[in-house]
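Quick note: residue numbers are just sequence positions, from 1.
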Amino acid sequence: MVLAARRERGFTLIELVVTTMILAILALLAVPLARVTIQREKERELRQALWEMRDAIDRYKDAADRQAFQIKVDSQGYPPDLETLVKGVDVQGKKVRFLRAIPMDPMTKTKEWGLRSMQDDPESDSWGGQSVFDVYTKSEGIALDGTKYKDW
């Protein structure tokens, strides 16, 4: 008699389908959130890389203005290229480096950066080659806030 009331254990097909559908819906909701999170992290990395290079350029300019080392006449105290910031300059017999390495651009995944000199038009994408006044990414992408990455 007890055997007749005994029920098989396990899940029905309906329960499994409903559970699978709920999990699929949750996964679909998580994908856009993950994409935004990844893009936000890349943007943070881009801001950090730009800040590091711009800070190194400023420190080079400050040292040049204090006449800590020889500079080219037409450079206005800015470095000739990013590699100079990494290789460093000789200051009173000591090698002073302003940047450990040229950072990777998280948007283009290269170490190629757009450069501007004092003589260049701020809207121009071409570098005059005189000195490095500013850096920008070569990415044509649009940020989460709607601005172009290369305008940062």
Side-chain angles (χ1 to χ4, degrees), residues 11 13 15-152:
F11 297 106
L13 182 59
E15 290 171 331
L16 290 175
V17 168
V18 168
T19 303
T20 304
M21 291 301 289
I22 291 171
L23 288 174
I25 290 169
L26 290 175
L28 286 173
L29 292 174
V31 168
L33 181 62
R35 283 187 183 151
V36 168
T37 302
I38 290 168
Q39 186 174 359
R40 189 172 287 134
E41 180 60 23
K42 283 183 177 182
E43 288 180 4
R44 188 196 63 74
E45 289 173 17
L46 177 62
R47 286 183 198 280
Q48 178 66 28
L50 289 170
W51 182 87
E52 283 178 20
M53 289 185 293
R54 288 172 177 160
D55 182 59
I57 291 168
D58 290 344
R59 287 185 288 119
Y60 182 99
K61 169 81 168 130
D62 289 343
D65 288 348
R66 287 184 318 227
Q67 299 174 346
F69 53 87
Q70 289 255 281
I71 58 170
K72 287 184 179 179
V73 176
D74 63 344
S75 71
Q76 296 159 342
Y78 289 101
D81 53 29
L82 292 178
E83 200 59 40
T84 301
L85 299 172
V86 176
K87 289 179 182 174
V89 292
D90 197 31
V91 176
Q92 300 173 358
K94 294 182 181 177
K95 190 67 121 177
V96 176
R97 292 180 174 87
F98 299 92
L99 196 61
R100 286 186 180 207
I102 297 172
M104 180 82 68
D105 183 339
M107 300 304 170
T108 62
K109 296 186 178 24
T110 67
K111 289 191 175 190
E112 283 188 42
W113 294 89
L115 305 174
R116 287 191 188 97
S117 68
M118 286 288 289
Q119 296 81 5
D120 293 340
D121 185 311
E123 303 302 316
S124 173
D125 285 345
S126 63
W127 179 46
Q130 295 89 345
S131 57
V132 179
F133 169 72
D134 192 22
V135 293
Y136 61 94
T137 182
K138 290 186 173 183
S139 172
E140 295 293 328
I142 305 290
L144 290 172
D145 65 3
T147 60
K148 292 181 180 180
Y149 290 128
K150 64 192 227 172
D151 291 341
W152 285 11

Which residues satisfy the side chain to side chain contact (heavy atoms under 4.5 Å, CB included) test with [X], sequence neighbours excluded?
{"X": "Asp58", "result": "none"}
{"X": "Arg47", "result": "Asp145, Trp152"}
{"X": "Ala63", "result": "Arg66, Ala68, Phe69, Phe98"}

Gap separating the CD atom of Glu52 from the CG atom of Asp55, nearest 0.5 angstrom: 8.5 Å
At what distance, to the nearest 0.5 angstrom, does OG1 of Thr84 lie from CD1 of Ile57? 11.0 Å
Evaluate the side chain to side chain contact (heavy atoms under 4.5 Å, CB included) criterion for residues Leu50 and Trp113: first the C-alpha distance (whole Å), next the side-chain angles of each, then the deciding distance (0.1 Å), finally the verdict. CA-CA 10 Å; Leu50 289 170; Trp113 294 89; 3.7 Å; yes
Verify the neighbour count for atom CD of Glu15: are there more than 12 heavy atoms of other residues, nucleotides or ligands below 6.0 Å? yes
Arg40 vs Glu45, test: side chain to side chain contact (heavy atoms under 4.5 Å, CB included). Steps then yes/no. CA-CA 9 Å; Arg40 189 172 287 134; Glu45 289 173 17; over 6 Å; no
Under the side-chain hydrogen bond (donor to acceptor under 3.5 Å, both in side chains) rule, collect the residues that match up with Thr20, sequence neighbours excluded. none
How would you list all residue pairs meeting salt bridge (Lys or Arg N to Asp or Glu O under 4.0 Å) that involve residues 82-101, not counting sequence neighbours? none
Within-4.5 Å side-chain heavy-atom neighbours: [X] and [Y]:
{"X": "Tyr60", "Y": "Val132", "result": "no"}
{"X": "Met107", "Y": "Glu43", "result": "yes"}
{"X": "Met53", "Y": "Pro103", "result": "yes"}

Table please: side-chain donor-acceptor pairs of residues 135-143 below 3.5 Å, with sequence neighbours left out.
from   : atom 1 : to     : atom 2 : distance (Å)
Tyr136 : OH     : Asp125 : O      : 3.2
Thr137 : OG1    : Asp105 : OD1    : 3.3
Thr137 : OG1    : Asp105 : OD2    : 2.3
Thr137 : OG1    : Ser139 : N      : 3.2
Ser139 : OG     : Gly141 : N      : 3.1
Glu140 : OE2    : Lys150 : NZ     : 3.4

